[in-house]
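First comes the structure, then the notes that go with it.
Computed from heavy atoms alone, side chains included, the values below leave out hydrogens, waters and symmetry copies.
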Amino acid sequence: MIDLLAEVLGEPPAPDGTWEREAVYVSAAALRRRIPPHDLAARVRAVPGVAGAEVRGNGFLRIVVAEPGRLVESVTPPDLPEPAWPDFPRTWDNPGFVVRYGHARACAVRRWAGALGVPLTGFRPELLDGPYDRRVLRVLAELPGRAVSRDPGWESYLVRLALAYHDAHEHAPAVPVGDEPVRPVHTARLRLAEAVRVVLVGPERL
């Protein structure tokens, strides 16, 4: 859906707010393209998955999406070299460790899911609605805009994504715990982990 929004707007919209309760994007595309904002808002409302689009007083569009989890379907690996972070110390004070460990954890989820029978198919994006899932989605939503930015700030972005994912990994696991059965939410979180895996950099194991 984010791809369709970017196509209609002529540029990726920027996520706004925390996404804790509502997944919101903002866009200045109407001003930049010199298109009547209300005309562009009407076109945005026609994009599948858009719950609403309104024009702010400054001409910016405020866009609400119904299922933010759907954005994981369009995440692609960014073309960036691995930052020159030191390997040690392997502590939370080292941003390189934070990012590489996040990548290794996302890779481990794929292995565990395979062993426990969590399928990749049957993805229901509306299930990525918990606070930890939404925090990861909020950071992932920045990816398209950063990819076309002249100053993407990749290093700080990777750290923020990794930290959000560490919290989700611990508090909203993608695989069953104990005797818990496999449920559709595990598939949804597995897809979220896959999106994180392709964005973060690092080895498969630490």
Side-chain angles (χ1 to χ4, degrees), residues 1-20 22-37 39-41 43-44 47-65 67-85 94-103 106 125 128 133-168 191-202:
M1 187 202 66
I2 186 63
D3 294 341
L4 292 175
L5 269 179
E7 183 179 339
V8 169
L9 294 168
E11 62 187 42
D16 188 44
T18 65
W19 283 29
E20 183 178 352
E22 193 174 47
V24 176
Y25 290 94
V26 294
S27 174
L31 301 176
R32 276 194 277 269
R33 297 174 61 192
R34 298 184 179 181
I35 299 173
D39 291 352
L40 188 55
R43 290 165 58 189
V44 167
V47 174
V50 170
E54 62 183 22
V55 180
R56 289 178 168 175
N58 57 6
F60 281 52
L61 299 187
R62 182 182 186 271
I63 304 161
V64 179
V65 297
E67 295 178 351
R70 196 164 292 284
L71 73 83
V72 303
E73 298 175 308
S74 58
V75 170
T76 57
D79 183 18
L80 72 158
E82 183 172 349
W85 286 314
N94 178 1
F97 170 76
V98 171
V99 172
R100 293 178 187 126
Y101 187 35
H103 181 263
L128 292 176
D133 302 320
R134 278 180 169 263
R135 287 173 198 163
V136 177
L137 291 170
R138 170 60 179 79
V139 184
L140 284 172
E142 298 176 22
L143 186 62
R146 288 181 181 271
V148 298
S149 172
R150 294 181 181 177
D151 184 21
W154 285 124
E155 292 191 12
S156 62
Y157 173 75
L158 292 174
V159 173
R160 287 176 50 235
L161 177 59
L163 287 172
Y165 180 66
H166 284 304
D167 285 343
R191 294 290 294 270
L192 182 64
E194 284 291 290
V196 171
R197 181 186 64 80
V198 302
V199 176
L200 294 184
V201 292

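Heavy atoms only, all atoms of each residue included: Gly96 and Asn94 are closest at N-OD1, 3.0 Å. Contact record, Val64 with Glu22: CG1-CG, 3.7 Å, taken as the closest heavy-atom pair. Residue Pro15 comes nearest to Glu142 through the heavy atom pair CG-CG, 3.6 Å, listed as atom of the first residue, atom of the second, then distance. The heavy-atom pair separating Val199 from Pro78 by the smallest distance is CA-CD, 3.9 Å. Heavy atoms only, all atoms of each residue included: Arg138 and Gly17 are closest at NE-O, 2.6 Å. The heavy-atom pair separating Tyr165 from Ala193 by the smallest distance is OH-CB, 3.5 Å.
Contact check on Glu82 versus Arg100 returns a salt bridge, with a Lys/Arg side-chain nitrogen under 4.0 Å from an Asp/Glu carboxylate oxygen. Ion pairing between a basic and an acidic side chain is recognised when a charged N comes within 4.0 Å of a carboxylate O; Arg197 and Glu194 show such pairing.
Other residues, nucleotides and ligands contribute only 12 or fewer heavy atoms inside 6.0 Å of the CD atom of Glu7. When the shell of 6.0 Å around CZ of Phe97 is examined, it contains more than 12 heavy atoms from other residues, nucleotides or ligands.
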Verdict with reasoning, Tyr25 to Ile2, per side-chain contact (heavy atoms from CB on, under 4.5 Å): CA-CA 10 Å; Tyr25 290 94; Ile2 186 63; 3.8 Å; yes

Steps toward side-chain contact (heavy atoms from CB on, under 4.5 Å) verdict (His103, Val201): CA-CA 6 Å; His103 181 263; Val201 292; 6.0 Å; no

Test log, rule side-chain contact (heavy atoms from CB on, under 4.5 Å), inputs Glu73 and Met1: CA-CA 9 Å; Glu73 298 175 308; Met1 187 202 66; over 6 Å; no

Steps toward side-chain contact (heavy atoms from CB on, under 4.5 Å) verdict (Asp16, Phe60): CA-CA 12 Å; Asp16 188 44; Phe60 281 52; over 6 Å; no

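Distance check: Leu61 CG to Leu9 CG gives 6.5 Å after rounding to the nearest 0.5 Å. One distance of note links CG of Leu80 with CD of Glu155; it measures 9.5 Å at 0.5 Å rounding. Here the CG-CG distance, from Asp133 to Asp167, works out to 11.5 Å after rounding to the nearest 0.5 Å. The distance from the CZ atom of Arg160 to the CZ atom of Arg135 is 13.0 Å, given to the nearest 0.5 Å. Put simply, CG on Leu128 and CG on Leu71 are 9.0 Å apart, with the number rounded to the nearest 0.5 Å. Ser156 contributes atom OG, which lies 5.5 Å from atom CZ of Arg146 (distance to the nearest 0.5 angstrom).
Between Tyr157 and Trp154, the two ring planes are perpendicular [angle over 60°; tilted spans 30° to 60°].
Formation of a donor-acceptor pair under 3.5 Å by the Arg32 side chain with backbone atoms of Ser27 is not found in this model.
Considering only heavy atoms from C-beta on, Leu158 comes within 4.5 Å of Leu200 through its side chain.
Of the options Leu192, Val196, Val136, a side-chain contact (heavy atoms from CB on, under 4.5 Å) to Val72 is made by Leu192 and by none of the others.
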